[in-house]
Structures are given as structure tokens and as C-alpha cells.
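First listed ligand is number 1; within each ligand, the first listed atom is number 1. Keep in mind it's a predicted model, so treat the numbers as computed, not measured. Position 1 is the first residue of the sequence, and the numbers go up from there.
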Amino acid sequence: MKKVYVAMSADIIHHGHINVINEARRLGEVYVGVLTDEVIASYKRLPLLDYPQREAIIKNIKGVKEVIPQDTLDYVPNLEKIKPDYVVHGDDWREGIQKNVRRRVIDTLQKWGGELVEIEYTKGVSISQLDEALHRIGTTPQNRIKKLKRLLELKPMVRILEAHNGLTGLIVEKTKIEEEERIKEFDGMWVSSLCDSTAKGKPDIEVVDFSSRLGTINDILEVTTKPIIIDGDTGGQAEHFVFSVRSLERLGISAIIIEDKVGLKRNSLWGTEVIQELDTVENFAEKISAGKKAQVTDDFMIIARIESFIVGAGLEDALRRAHAYIEAGADGIMIHSKEKTPREIFDFCREYNKFVDAVPLVVVPTSYCHVTEQELQEAGVNLVIYANHLIRSAYPAMVNTARNILLNERALECEEECMSINEILNLIPGGC
Ligand code: SPV
Ligand code: MG
């Protein structure tokens with residue numbers, strides 16, 4: 001009996017998959033390589049179903065002899081193991097991001113005289129259309145809240161961008177680029193206190209109250225499905241913080257980050273130019289513990305943000321705080337810096353990597369923006385937040401347009417910088 005290999009992620013099963021398996025059956029015994037959760041997360045969004053669920057579905061399809069995990073995007077390791085006589089695939093991968101994967105399949109099969117059999121891609125099925133339909137259906141708080149922990153388990157680096165209203169939420173949700181063999185996108189949203197306040201024309205001093213912050217959060221929740229991390233500033237009094245935790249958890253927010261400062265909160269990027277006072281380790285640890293006790297599920301994360309570098313208190317202080325906050329139950333640590341280089345962040349990482357009880361590590365590279373995700377990942381960082389870039393890029397564009405109209409006393413000159421009326425009418429579906 002000949003051996004036939006078919007690889008699939010099998011997340012959204014449709015008749016195209018059955019076609020491929022049926023064609024494969026005609027050629028011999030069918031071995032299906034099901035892509036692992038890590039592999040799927042590495043080249044597109046999180047799978048909807050986890051590996052055991054997807055494996056169970058494929059195992060129960062008629063004609064499948066065996067299911068094995070495929071733990072690389074590349075087929076080669078599994079092909080070398082199974083040495084199939086045939087690989088069967090739809091003919092849609094000759095162009096585009098999978099074309100190199102295909103090339104390597106052909107080259108590898110050649111080693112033992114195997115053959116690639118391509119069948120006509122099933123018409124009328126488009127994974128991107130199915131994805132779009134799923135986006136329109138939306139998500140539930142229970143599903144959304146879990147996504148951040150899942151991402152942290154599956155991806156070496158989780159990438160988050162700020163959103164301060166529904167429109168910026170949609171930009172984070174939908175912006176994608178195709179590169180080599182993968183589709184790159186953001187994993188979720190950061191609702192920054194700086195950007196939320198700035199968008200409301202207010203300073204970043206906790207003057208925008210929690211109810212108003214919830215308004216922004218709701219606008220983003222309504223039109224997106226990706227996980228959301230909230231900038232909780234200092235978290236307020238521990239007695240108040242527990243209510244914030246419950247409200248956010250109920251909405252399906254995945255995490256809150258609170259910073260260990262007291263008094264009138266000033267944005268960290270002011271550094272020591274303004275008065276910034278650290279909370280005592282004991283008080284802040286108690287606030288974390290109170291929050292952890294208040295939450296109802298295991299899914300919600302409380303991430304402790306250490307401001308030692310911001311106030312000039314140094315590495316030893318930062319490490320002491322990291323130990324205490326983890327002991328108090330923090331699900332993650334954010335280490336912040338306003339330096340132009342990542343030097344002090346890397347100093348922290350070096351010591352943090354020695355912790356036996358380390359939790360995911362978060363950074364916000366605003367001032368040290370030349371650092372790459374790769375460098376951060378190698379230093380041991382698990383999650384990177386681009387904290388303010390959408391509002392910072394939108395504001396100059398809008399001021400420029402306003403100035404242009406004043407200057408020319410008409411709108412013609414700024415038209416070139418604007419999206420067309422047709423584009424804006426069609427940007428958000430459902431308008432007509
Ligand atoms: C924010 O985005 O509001 C933050 C990060 O808290 S920072 O502005 O760097 O303090
Ligand atoms: Mg903030």
C-alpha cells in the first residue's frame with residue numbers, strides 16, 4: 001500500500017478538506033499532518049480549536065489512517081519521517097506565501113522518488129472570507145478573555161498596539177501584511193491612559209475617570225475580537241481596584257496593568273522632571289493580592305508594572321519589587337524605562353531570567369524605539385506594547401489638514417492627503 005501525506009491546520013473544516021482527503025485515499029493510505037497550535041499562531045491568528053480538538057476531528061474522517069502533529073510550517077521533517085509516495089495539496093499554493101514550502105516538498109520527495117499531486121482548489125471556499133464572516137459574528141467575553149494567556153503560551157513574542165476608540169481598534173484588529181511564509185498582524189490592543197486621555201483632550205493624570213475609560217473600552221469591544229489589555233494607571237485604592245477587576249473581567253478584558261506609584265499620577269515618560277513617588281512594596285503587593293482574590297475566573301491577568309527605573313531607584317529596587325509582586329500573585333511583570341537605549345531593560349532581563357518563578361515579561365519600547373522585537377525576544381521579553389503610536393501619527397496629520405484649509409481658504413490642497421469619500425463610506429460595512 002502506498003503512503004500519502006496531507007497537511008492541514010483543520011481549524012475551519014469545509015468540503016475542500018474532504019475533497020483533498022478523498023483524492024488522497026485513491027492513491028493509498030492517508031497520513032494527515034495536523035499543524036500544531038504553535039505553528040498556526042506563528043503564521044496567522046490563533047486557531048479557534050486547539051490541537052487535541054482538531055486532531056479528534058481529522059481522526060474521525062473516513063479514510064484517514066493516521067494523524068500526526070506537524071510542528072513546523074515546513075513539511076520536510078514529517079516527510080523525512082514518513083517517506084510518503086505522494087503528497088496531496090490544492091493547486092492554490094503555487095503562488096503567494098506558500099510557494100517556497102511547495103518547492104521544498106517537491107525537492108524532498110524527489111530523494112525517494114515521491115510525487116506531489118496537486119488537485120484543483122475547491123471553488124467557492126475562501127478561508128479569508130470565512131475569517132471575515134467570523135469577525136462579523138464577533139466573539140463572547142468568555143472566548144476573548146482567554147486569548148491573551150493562550151497567545152503567551154503559544155507565541156515566543158506577543159505584539160500589542162494601542163487603540164483609543166472603535167476605529168483604531170479596527171485598525172489593530174485588521175491590519176495585516178504578508179511576508180515570506182507568514183501573515184503578520186497584531187495580537188491585541190492596549191488601551192493606554194495617555195492615549196485615552198489625549199483623545200479626550202485631557203492630561204494623563206487619572207482625571208479621566210473609570211466610567212469614562214469604560215466607555216472607550218466598550219466602543220473597542222463592540223467592533224473587535226482580539227484580546228485587550230487595559231492600562232489601569234495606579235489601580236487607585238485597593239478597595240476600589242477590586243471593583244475595576246470585576247468590571248473588566250465581566251467584559252472579557254484579558255488583563256490590566258497597574259503601576260507602583262502613588263500621589264498624583266504623572267506619565268512615566270516625564271521621568272524625574274516631575275514629582276513621581278513609588279508606592280511601598282507592601283502596599284502595592286497587597287493591591288495585587290486583593291485584585292487576584294476578587295477575580296472570578298482563572299483567565300484574567302493582573303500585570304504589575306515596575307517604575308523603579310522611571311524614578312531613578314535602580315535595578316536592585318526593580319528586582320526586589322518583581323520578586324514581591326510575583327509572590328503576591330501577579331500574572332506578569334512590566335518593566336518600564338524612558339531611556340533612549342534598552343540598556344537598563346536588558347540589565348533587568350538578565351537578572352529576571354534567573355528567577356525560578358518568573359511570569360511573562362512585558363515592555364513598552366517608546367523611548368528606546370530602535371530596539372527590535374527579535375532583540376527583545378532574545379533578552380527574554382514575552383510581550384511588547386506599542387503604546388501610543390496610532391494617536392501620535394494621527395495628530396500631526398490632522399493638524400496639517402487643518403492648517404492647509406486655513407492657508408488656502410479651501411479644501412482642494414488637502415484632498416491629496418485625505419482618503420476619498422468613497423473609501424470612507426465603504427470603510428465600515430453596513431452603512432447602506
Ligand atoms: C500609557 O500608554 O498610558 C502608558 C505607557 O502608561 S507610558 O506612556 O510610557 O507611561
Ligand atoms: Mg498610562
Just checking, is any N or O donor in the side chain of [X] or [Y] under 3.5 Å from an acceptor N or O on the other one?
X	Y	answer
Thr168	Glu162	no
Tyr31	Asn78	no
Ser192	Asp231	no
Lys287	Thr234	no
Thr224	Arg144	yes
Ser268	Glu307	yes

Just which atoms of ligand 1 are under 4.0 Å from any heavy atom in [X]?
X	result
Leu269	8 (O), 9 (O)
Ser268	10 (O)
Ala387	2 (O)

> Backbone or side chain, does Glu259 get an N/O/S atom under 2.8 Å to the Mg ion (ligand 2)?
Replying inline: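 Under 2.8 Å: Glu259 has no N, O or S contact with the Mg ion (ligand 2).
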> Is the distance between the Mg ion (ligand 2) and the nearest N/O/S atom of Ser193 smaller than 2.8 Å?
Replying inline: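 Within the cut-off used here (under 2.8 Å), Ser193 does place an N, O or S atom near the Mg ion (ligand 2).
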>> Suppose we measure from atom 4 (C) of ligand 1 to each protein heavy atom; which comes out shortest, and what is that distance?
In response: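 The answer is Asp231 OD2, 3.4 Å.
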> What is the nearest protein non-hydrogen atom to atom 2 (O) of ligand 1, stated with its residue, atom name and distance?
Replying inline: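 Of every protein heavy atom, Ser192 OG, 2.8 Å lies nearest to atom 2 (O) of ligand 1.
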>> Check for me whether His336 has a heavy atom closer than 4.0 Å to any atom of ligand 1.
In response: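 Judged by the 4.0 Å heavy-atom criterion, His336 does count as contacting ligand 1.
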Looking only at heavy atoms, is any part of [X] under 4.0 Å from ligand 1, and if so is it the side chain, the backbone, or both, or is it neither?
X	value
Arg266	neither
Lys338	neither
Leu194	both

>> Among the N/O/S atoms of Asp231, which is closest to the Mg ion (ligand 2)? Give the atom name.
In response: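 Looking only at N, O and S atoms of Asp231, the one nearest the Mg ion (ligand 2) is named OD2.
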> Do you know which two heavy atoms are closest between Leu48 and Arg150, and how far apart they sit?
Replying inline: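 In this case the closest contact between Leu48 and Arg150 is O-NH1, 4.3 Å.
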>> Looking at non-hydrogen atoms alone, which of Glu307, Met334, His164, Arg305 comes nearest to atom 5 (C) of ligand 1?
In response: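 Comparing heavy atoms across Glu307, Met334, His164, Arg305, the nearest one to atom 5 (C) of ligand 1 lies in Arg305.
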> Out of Asp204, Asn388, Asn267, whose heavy atom is nearest to atom 8 (O) of ligand 1?
Replying inline: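 Ranked by closest heavy atom to atom 8 (O) of ligand 1, first place is Asn267.
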>> Donor-acceptor check, side chain of His17 to backbone of His14, threshold 3.5 angstrom: yes or no?
In response: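 Pair found, side chain donor or acceptor close to backbone of His14.
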> For atom CG of Asp298, is the number of surrounding heavy atoms from other residues, nucleotides or ligands below 6.0 Å larger than 12?
Replying inline: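 For Asp298, atom CG is not crowded (no more than 12 foreign heavy atoms under 6.0 Å).
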